[in-house]
2 protein chains.
Amino acid sequence: MRLFTEHGFAAVSMRQIAAEVGVQAGALYLYTPNKQTLLFNLLSEQMQGAIEALKHADLTGSAARRLDNFVRSHFQFHMGGPDAAFMPYTELRNLTPANYEKLEVMRRIYEDALEQIIIDGHDSGEFDVDDSKLTTLVLISILNGVLSWYRPGGRLSLDRVEAHYIEIIGKAVCGFGYEGAERPAAE
Amino acid sequence: MRLFTEHGFAAVSMRQIAAEVGVQAGALYLYTPNKQTLLFNLLSEQMQGAIEALKHADLTGSAARRLDNFVRSHFQFHMGGPDAAFMPYTELRNLTPANYEKLEVMRRIYEDALEQIIIDGHDSGEFDVDDSKLTTLVLISILNGVLSWYRPGGRLSLDRVEAHYIEIIGKAVCGFGYEGAERPAAE
DNA sequence: GTCTATAGGAAGATAGAC
DNA sequence: GTCTATCTTCCTATAGAC
């Protein structure tokens with residue numbers, strides 16, 4: 001997963017992977033029938049893990065609270081452990097159409113869970129969003145964006161970054177008292 | 001650029017590119033010394049274009065106004081024309097270290113322009129952000145995120161999406177009256 | 001379960017005819 | 001400027017020894 005993340009699926013050879021784990025290329029085929037299946041399994045396990053993590057998150061109470069906990073779950077699963085890794089959505093394009101479809105199903109489960117929180121917050125008046133689908137897409141790009149730049153041991157601790165993201169995402173969906181509420185959205 | 005965006009640099013062969021433009025593979029080498037230079041030139045022109053577009057944007061007045069116009073410039077350059085294309089940041093990993101460094105310089109110019117707006121808005125009290133660098137990173141992921149999902153002819157017009165992004169980004173940096181300002185950021 | 005060896009094909013890039 | 005043909009290298013995947 002680390003090699004695919006760093007260089008991209010097509011740029012990584014089975015020989016490189018083999019060298020990384022200390023075997024010869026042929027030995028890899030004892031563990032995967034081919035390179036494509038290896039990619040699919042990695043992406044699939046990752047997506048499944050994120051969905052599993054959600055099941056253990058506390059998604060009760062107000063929409064604001066549920067949103068906060070969704071973000072926490074996302075952070076904890078993807079960046080929590082010492083050997084946490086993440087292959088960006090970009091690698092989905094390297095899947096065969098059949099495998100891509102299978103992953104789309106999982107991806108939709110995850111993103112729909114987020115969208116439902118946004119919809120509920122909108123309906124209850126807690127959130128000020130005028131398009132739940134669009135807002136969800138924005139939040140997903142925010143959540144995935146952090147995975148592409150955050151590296152442990154940098155200027156900011158993971159807790160600090162998580163707290164910042166919870167705040168900025170909260171503000172993005174909250175319109176209470178926002179002075180620009182009246183101003184024209186476009187020129 | 002379209003092929004690299006769709007499949008990734010390493011997954012696209014010179015033969016595919018040649019077929020796309022209607023020549024044989026060898027003929028491509030009349031236009032580029034090699035594949036790596038082709039990638040670098042495409043990414044470099046794209047980055048340079050975004051910086052040029054900024055120069056024509058109106059970045060005067062309040063920080064909020066400058067931020068709105070930065071977002072407009074980003075949208076107009078990357079998604080404006082009929083043949084607008086965009087290679088995601090992901091492709092930067094396929095550059096040689098020397099080429100990567102050159103692009104980093106350009107990328108920093110662009111992102112620093114955004115960060116300066118955030119810093120100024122923070123200093124003037126217009127924005128409620130506690131870490132300008134981190135906020136800039138979030139805004140960049142939002143701005144680049146739209147490029148990965150937006151396709152002309154979809155449910156929402158470009159103007160509509162642009163307006164939505166201007167609003168949500170405005171809210172993300174504005175803290176006026178945000179009821180959660182007091183609540184603990186992390187559990 | 002891992003190795004060496006290799007089949008079979010596709011990749012980037014070049015040479016030389018036209 | 002473009003073609004065909006080709007060099008060389010690297011790729012995925014397999015075969016068979018140990």
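Just so we're on the same page: letters track the sequence lines, and every chain starts at 1. All figures in this text were calculated on a predicted structure; none of them were measured in a lab.
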For residues 7-21 of chain A, which residues have at least one heavy atom under 4.0 Å from DNA chain D? A:V12, A:S13, A:M14, A:R15
Any chance the side chains of A:N99 and A:T96 put a donor and an acceptor closer than 3.5 Å? yes
Assess the side chains of B:T37 and B:N34: does a donor N or O sit below 3.5 Å from an acceptor N or O? yes
Among pairs that include at least one residue of residues 4-28 of chain B, which meet ring pair (Phe, Tyr, Trp, His ring centres under 6.0 Å), considering only residues two or more places apart or in two chains? B:F4-B:F9
Classify the angle between the aromatic ring planes of B:Y110 and B:H78 as parallel (below 30°), tilted (30 to 60°) or perpendicular (above 60°). perpendicular
Is the backbone of A:Q16 close enough, under 3.5 Å, to the side chain of A:S13 for a donor and an acceptor to pair up by distance? yes
Under the 4.5 Å side-chain heavy-atom rule for ILVMFWY, direct or indirect, which residues accompany B:I119? none
With heavy atoms of chain B within less than 4.0 Å as the criterion, where does contact along DNA chain D begin and end? D:dG1 to D:dT6
Decide whether B:S157 and B:D159 meet the rule of one side-chain donor and one side-chain acceptor closer than 3.5 Å. no
Side-chain donor-acceptor pair under 3.5 Å between B:D120 and B:Q116, yes or no? yes
Could you list who else is in B:Y31's hydrophobic cluster, with ILVMFWY side chains joined at under 4.5 Å, directly or through other members? B:L30
Using a 4.0 Å cut-off on heavy atoms, which residues in residues 26-46 of chain B reach DNA chain D? List them by number, or say none. B:A27, B:L30, B:Y31
So, A:R66 and A:N69: side-chain donor and acceptor under 3.5 Å apart, yes or no? no
